[in-house]
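Since the structure comes first, as structure tokens, the remarks are kept for the end.
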Amino acid sequence: MDSAGAAKAGRAGQTQADKLRNYRRDYSMFDADLSGNVLNFRLLARLLKWLVPYRVQFVQSAVLVLITSTLAVLLPIIISIVVIDHIVRGDVPETAMDLGMIDLTEWFMATTGLPPLGAACVLYALVQLLWAITGHYHRMTLVTAVINGLRDLRRDLFAHLETRPSQFYDRVAVGRVMTRVTNDVEALYELLRGMGSLIGELVPFFVALVVMLAISPPMTGILLLALPLMAVATHYFRAATRVLFRQTRQTVSAMNQNLQENLSGLQVVQISQRESYNHDRYMKINRRNLELETKSMKLSTLYTAFTDSMASVAMGAILWYGGGEVIQGHMRLGEMILFTHFINMLFHPVVILGEQLNILFRAMASGERIFQALDWDEKIHEPARPVTLPPRLEGEVEFRHLDFRYDFDVPVLRDVSFTIEPGEKLAIVGPTGSGKSTLIKLLGRFYDFDDNQIYLDGIDLNHIHTRDLRRRIGVVLQDFHIFSGTIFDNIALGNENVDRVRAVEAARTVNAHGFISALPDGYDTVLSERGQNLSQGQRQLLAFARVLAADPEILILDEATASIDTETELLIQDALRKLTAGRTSILIAHRLQTIQEADRVLVLQDGAVAEIGTHDELLAREGLYYTLHSLQFQETT
Amino acid sequence: MFRSLARLKPYAGRYRGRITFGIALFLVARLFEGSIPYFLKVGIDSITSGEGQILLPVAAIVVAVSLRFVTVSWARIAVRRSAYLLACDLRRDLYEHLQVMGPRFFGQYSIGDMMTRAIADISLIQRLISHGTTLLVIMVFATVVGFGYMLYLSPMLTLLILPPLPFVFVYTLRASRQMGLASRQVQDRLSDLGAHVQENLSGIRTIQAMVQEDIEIKRFERTNQGYADAFYRHARITSLMSAVMPSMAALCSVTILGVGGIMVLDGDISIGDFTAFFLYVNMVVQPFRVAGMVVNMFQRAAVASDRLFEVFGRPPEIPDAPQEGIPAHIRGDLEIRGLSFTYDKATTPALADISLAIARGESISVMGRVGSGKSTLLKQLVRIHDPEPGTVLIDGHDVRDYPLAQLRAQVALVPQDPFLFGEPLRDNLTYDDPTRRLDRIWMAAESADLKETIESMPEQMETVVGERGITLSGGQKQRATLARGLIRHSPVLILDDCFSSVDTETEEHILAELKRLRSGQTTIIVSHRVSTARHSDRIVVLDEGRILEVGTHKELLEAGGFYAELERIQREGADEADFQAAAATAAGAGG
């Protein structure tokens with residue numbers, strides 16, 4: 001007893017603290033563009049959590065990239081040191097930087113009897129082949145680890161978002177949340193792939209650097225002079241184009257928006273003779289886009305030509321300094337030629353680094369957004385010890401002095417008290433904003449509210465686990481969500497108790513069987529996204545069948561306002577009658593007929609119960625309901 | 001493929017000079033680039049011969065690099081600029097062309113489809129010219145120049161390195177086709193993923209209400225894995241390509257190493273030649289590596305070009321061929337004579353033999369079930385659908401004989417779908433003429449009972465509406481489009497079901513305003529409510545594209561037909577009763 005009480009108190013305290021937090025939540029964060037312009041190591045560290053399970057692959061990949069890079073350096077060594085210096089010029093001392101290639105060639109000659117050049121060719125071919133194989137496996141192990149890690153991250157993110165409460169989705173745009181799962185995770189793919197290619201460039205760079213330093217530190221120094229130059233050029237180029245790219249993107253999206261809107265509203269444009277005016281506006285953006293594109297094109301052309309030129313300038317430098325060294329006998333010819341082969345290995349990483357930097361910044365922003373979503377801990381509080389519900393509830397619902405507010409200052413429901421008897425049909429009416437939909441959302445525990453306010457068969461709703469509760473309450477909302485899958489899937493919704501027979505029976509009862517069996521594949525017809533191949537009325541009937549098949553003790557219906565043709569309307573009214581028979585039902589009614597068929601009517605106004613009683617009683621009382629009702633018939637007089 | 005691309009000729013023709021100049025400059029740039037290994041060779045030979053003359057070749061290299069920098073940049077900029085100009089022209093023409101298309105065209109093509117053509121297809125063509133052409137030119141010139149220098153150094157060795165090249169070419173073609181397929185799959189899986197998430201989050205309340213979270217998460221794992229698999233396949237093909245291609249090219253290097261080595265030992269070529277050969281091989285193999293990409297670019301641009309010219313090939317839906325002797329002002333007498341109309345691919349006519357005369361100054365209500373042809377009929381009056389010649393006359397002249405702009409300026413239609421542009425309200429209300437004075441706009445807003453609503457908005461008339469601004473309710477949107485029609489004071493005003501989301505009290509107010517503003521002018525109103533129609537001079541009831549009843553409210557009630565039945569149903573409020581709207585009114589009145 002005591003511990004239960006303590007748990008309850010603890011829960012209440014926690015809810016209170018959390019409520020405060022919810023009030024302070026800044027939902028606009030979800031709409032804002034985060035900066036992400038700094039290298040955020042904390043972010044990378046968090047990302048590691050998803051990569052750690054695949055550490056074996058990462059280690060394999062690291063070993064393989066070292067091997068590959070060394071092999072890449074061996075190839076020019078065979079050409080310059082082994083062939084030019086050793087075989088052609090016969091001019092190689094013991095100390096040559098051949099990394100054992102000369103010995104290997106001689107070993108080949110000895111074992112196979114090949115001439116020196118033949119042995120060098122075989123060696124070259126073998127190294128090349130090995131390079132290809134190890135390189136491929138390096139990339140594949142890396143990519144496998146990355147793909148799996150990010151797949152897990154994406155799943156976790158989706159699962160997290162899927163379980164956020166209603167109040168979260170009330171405040172944020174679905175589109176924004178969606179891009180977290182798609183574009184933002186995508187940016188991380190880009191990032192990790194880019195880092196992979198960067199590693200593939202940087203490791204050979206350092207291996208080549210070691211060899212070059214061993215041969216001639218001064219000449220290496222001369223070549224390295226180009227790096228800061230290129231780095232500065234890359235930096236300025238990236239900085240300039242970043243601004244330009246942003247402006248270009250803006251003009252492109254303005255252009256697309258303009259076109260899209262012009263086409264969507266083309267009829268209005270035509271009947272307003274706005275064609276040429278709109279055309280001029282479009283062309284203004286189009287021309288601005290042209291100028292911006294040209295500007296960034298010029299920059300990138302010059303930049304590419306510059307970095308390409310650096311390689312050739314380096315060649316001149318090698319010939320100038322190296323040539324002198326060779327003539328003076330400080331260096332051998334092959335060594336000088338080896339340097340020319342290393343130029344690309346030395347310069348390419350800088351260019352790639354420049355490219356990757358932009359991706360890195362973009363990915364940082366994306367990472368921030370992803371973790372922000374993962375950290376969003378808003379939730380509905382579950383009881384510490386949920387009550388076990390009996391197999392079948394009676395279906396008595398009681399609201400006892402219910403007060404509710406979304407925010408501190410605006411009460412949405414005030415002192416709402418009423419009881420619905422088991423099997424009773426209650427219609428709720430009231431102006432927009434009177435709190436009708438909040439009332440039914442509370443019954444499904446879509447929002448947290450204080451204890452002792454709503455009871456189901458005498459049990460405080462806050463003592464029932466949301467999942468258990470929602471299985472007992474069938475909800476038909478205004479926007480009928482159609483799940484991807486067949487009609488049968490949509491009726492059964494993964495509930496094992498609903499077999500084919502039961503689904504068909506439910507559909508037959510709510511008058512949905514007719515149109516379903518008229519479909520080409522009947523109950524196996526696959527429904528398209530958002531159920532576009534069904535009409536409004538058909539979707540409503542399908543939603544009814546879904547609820548009936550689940551057979552909940554309590555039904556909540558938010559009646560659709562959309563006008564439906566008379567014939568379907570009759571089917572719906574009939575189905576509703578069957579659905580609510582003997583079932584506790586709460587109906588937010590928009591149609592007079594629905595109201596008239598309810599056992600009692602509850603009139604809500606400004607979050608409080610204005611009137612409650614049968615249709616006839618309320619009419620007789622000549623209160624708010626009477627006013628609403630007579631207004632309806634104003635036309636007949 | 002080439003026939004498709006040839007259609008772009010008139011566009012490219014405008015920039016022919018620029019493009020030709022750029023291409024010529026590319027050849028010059030290539031020659032400079034090719035000279036660099038040659039000067040290196042001269043330097044090396046000078047070292048091995050003991051002359052030690054290296055300053056001259058070094059200087060030559062520096063000069064060649066500088067000249068190459070200038071020429072190649074200039075050439076690229078010239079060609080790329082042409083590509084951007086051409087894309088700009090294509091966009092302009094597409095925009096212009098789409099503006100004269102009508103419902104028939106958009107019944108066939110979706111707006112999304114047109115957006116793809118305007119964005120993706122034009123950019124494919126632009127890329128073909130800016131990058132594809134450049135690559136092609138570079139390929140040809142690099143091959144020619146590279147082989148030229150090599151042949152000069154050693155014809156024998158040049159011939160020996162040829163055999164692997166066709167294999168490189170064939171392999172790249174195949175590999176890039178595979179890569180294209182794989183990357184399309186990645187794109188497809190990614191959009192699957194997006195669709196899945198979007199669908200799920202929009203239905204999140206139902207999912208949670210039905211306790212479907214776990215099942216949905218499992219289902220997402222499948223979609224997620226599908227993307228990961230596609231990504232893996234793409235990565236594998238790319239990785240294989242970057243392993244195989246250099247290895248194939250290495251066959252050339254091995255040949256130079258072996259055969260070239262022997263030739264050096266025999267004194268047939270110098271070490272300088274030997275070294276230069278490695279550099280030239282790179283120069284000629286490079287184009288083969290990108291060949292696949294270029295072919296791919298051409299193919300995709302050809303498809304894009306076909307898709308664009310498919311649109312350009314469609315003639316304007318409504319020909320504007322004004323005749324002589326048409327008065328500049330429409331008075332407002334309408335006559336419809338035996339008008340029939342059938343939509344494309346429809347089997348039954350939407351309008352069948354409609355005849356009706358409407359006198360200037362009359363107010364007419366059009367009623368009928370959904371699909372009875374009301375909107376279709378009204379659209380013929382402003383030629384959104386073109387009527388047969390001689391079937392629709394205004395002031396005794398065929399509508400087809402009026403200048404289109406005059407017709408649509410003086411016969412104002414307010415369409416059923418209240419479309420607002422993502423612009424300030426002010427621009428939306430005076431859409432046909434952005435120069436109208438502000439007080440005129442306010443007056444129209446007041447007539448449409450929108451004044452108070454606008455006054456309560458933060459920026460009043462400057463409030464931006466639509467997706468990027470404030471979302472208006474259905475009724476507010478309808479009233480805004482109504483104001484847009486009223487502001488024009490046109491001799492004929494047609495309101496296509498503009499009150500469906502407006503509550504009855506507001507409607508009464510607007511109808512009274514209409515009566516005041518439009519006395520002596522022709523007004524046609526489509527409505528579902530008897531309460532709207534009863535105020536009109538005459539009521540026309542359509543059914544299955546035919547006129548069922550015509551007469552005054554009283555006449556039709558007495559006739560006891562469709563209209564009388566509708567009146568009875570609406571009076572009893574069993575159907576179409578809008579309890580909610582009444583409730584809102586009551587609450588508003590109470591408070």
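Chain letters run A, B, ... following the sequence lines, proteins first, then strands; residues in each count from 1.
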[X], part contacting chain B, at a heavy-atom distance under 4.5 Å:
X       : value
V143(A) : side chain
F306(A) : both
V475(A) : both
L319(A) : both
I337(A) : side chain
I84(A)  : side chain
H341(A) : side chain
L266(A) : side chain

pair [X]-[Y]: side-chain heavy atoms closer than 4.5 Å:
X       : Y       : result
F274(B) : V83(A)  : yes
P116(A) : V82(A)  : no
Q198(B) : H196(B) : no
V100(B) : I318(B) : no
R76(B)  : S130(B) : no
Q99(B)  : L263(A) : no

Given a strict heavy-atom distance threshold of 4.5 Å, which part of [X] is in contact with chain A: side chain, backbone, both, or neither?
X       : result
I77(B)  : both
Q208(B) : both
L265(B) : side chain
V382(B) : side chain
L85(B)  : both
T481(B) : neither
T275(B) : side chain
I215(B) : side chain
R68(B)  : side chain
I119(B) : side chain
V244(B) : neither
S46(B)  : neither
I256(B) : neither
R484(B) : side chain

* To do: Dump the intermediate steps for salt bridge (charged side-chain N to carboxylate O under 4.0 Å, His left out) on E291(A) and R81(B), then the final yes or no.
  => CA-CA 10 Å; E291(A) 292 322 314; R81(B) 168 88 179 157; 3.6 Å; yes
Just so I understand: if I count every heavy-atom pair under 4.5 Å between each of [options] and chain A, which residue has the most?
options                          : result
L94(B), N200(B), L98(B)          : N200(B)
L40(B), L413(B), V264(B), V72(B) : L40(B)
G50(B), S247(B), S66(B), G43(B)  : S247(B)
I61(B), I44(B), V65(B)           : V65(B)
I207(B), I36(B), N282(B)         : I207(B)
V254(B), T255(B), I204(B)        : I204(B)

* Asked: Does the side chain to side chain contact (heavy atoms under 4.5 Å, CB included) test come out yes or no for R92(B) and H279(A), once each step is laid out?
  -> CA-CA 8 Å; R92(B) 178 197 61 209; H279(A) 183 248; 3.4 Å; yes
Name the member of [options] that forms the most heavy-atom pairs with chain B at distances under 4.5 Å.
options                            : answer
I79(A), N289(A), I87(A), V181(A)   : I79(A)
R287(A), Q270(A), R164(A), Q260(A) : Q270(A)
Y189(A), Y277(A), Y282(A), Y124(A) : Y282(A)
M178(A), R471(A), H138(A)          : M178(A)
L150(A), T179(A), N258(A), N278(A) : N278(A)
L333(A), L75(A), T304(A)           : L333(A)

* Asked: Below 4.0 angstrom, N of the basic side chain to O of the carboxylate: do R219(B) and E213(B) qualify?
  -> no
* Salt bridge present between R151(A) and D229(B) (N-O < 4.0 angstrom) -> no
* **Lys/Arg cation over aromatic Y431(B): R274(A), 6.0 Å, 45° cone** => yes
* May I ask you to check if R154(A) and Y227(B) form a cation-pi contact, with NZ or CZ under 6.0 angstrom from the six-membered ring centre and within 45° of the axis? => yes
What's the shortest heavy-atom distance between [X] and [Y], and which atoms?
X       : Y       : answer
G485(B) : V414(B) : CA-CG2, 3.6 Å
S300(A) : R80(B)  : OG-NH1, 4.4 Å
W131(A) : A243(B) : CZ3-O, 4.0 Å
A118(B) : L259(A) : CB-CD2, 3.3 Å

* To do: Report the C-alpha distance between R236(B) and H136(A) in whole Å, list the side-chain angles of each, state the deciding distance to 0.1 Å, and finish with yes or no for side chain to side chain contact (heavy atoms under 4.5 Å, CB included).
  => CA-CA 8 Å; R236(B) 213 173 75 93; H136(A) 178 64; 4.3 Å; yes
* Within the distance-only criterion (no hydrogens, no angle test), does the side chain of R470(A) pair as donor or acceptor with the backbone N or O of A209(B) below 3.5 angstrom? -> no
* **Side chain Q605(A), main chain V603(A), donor-acceptor under 3.5 Å** => no
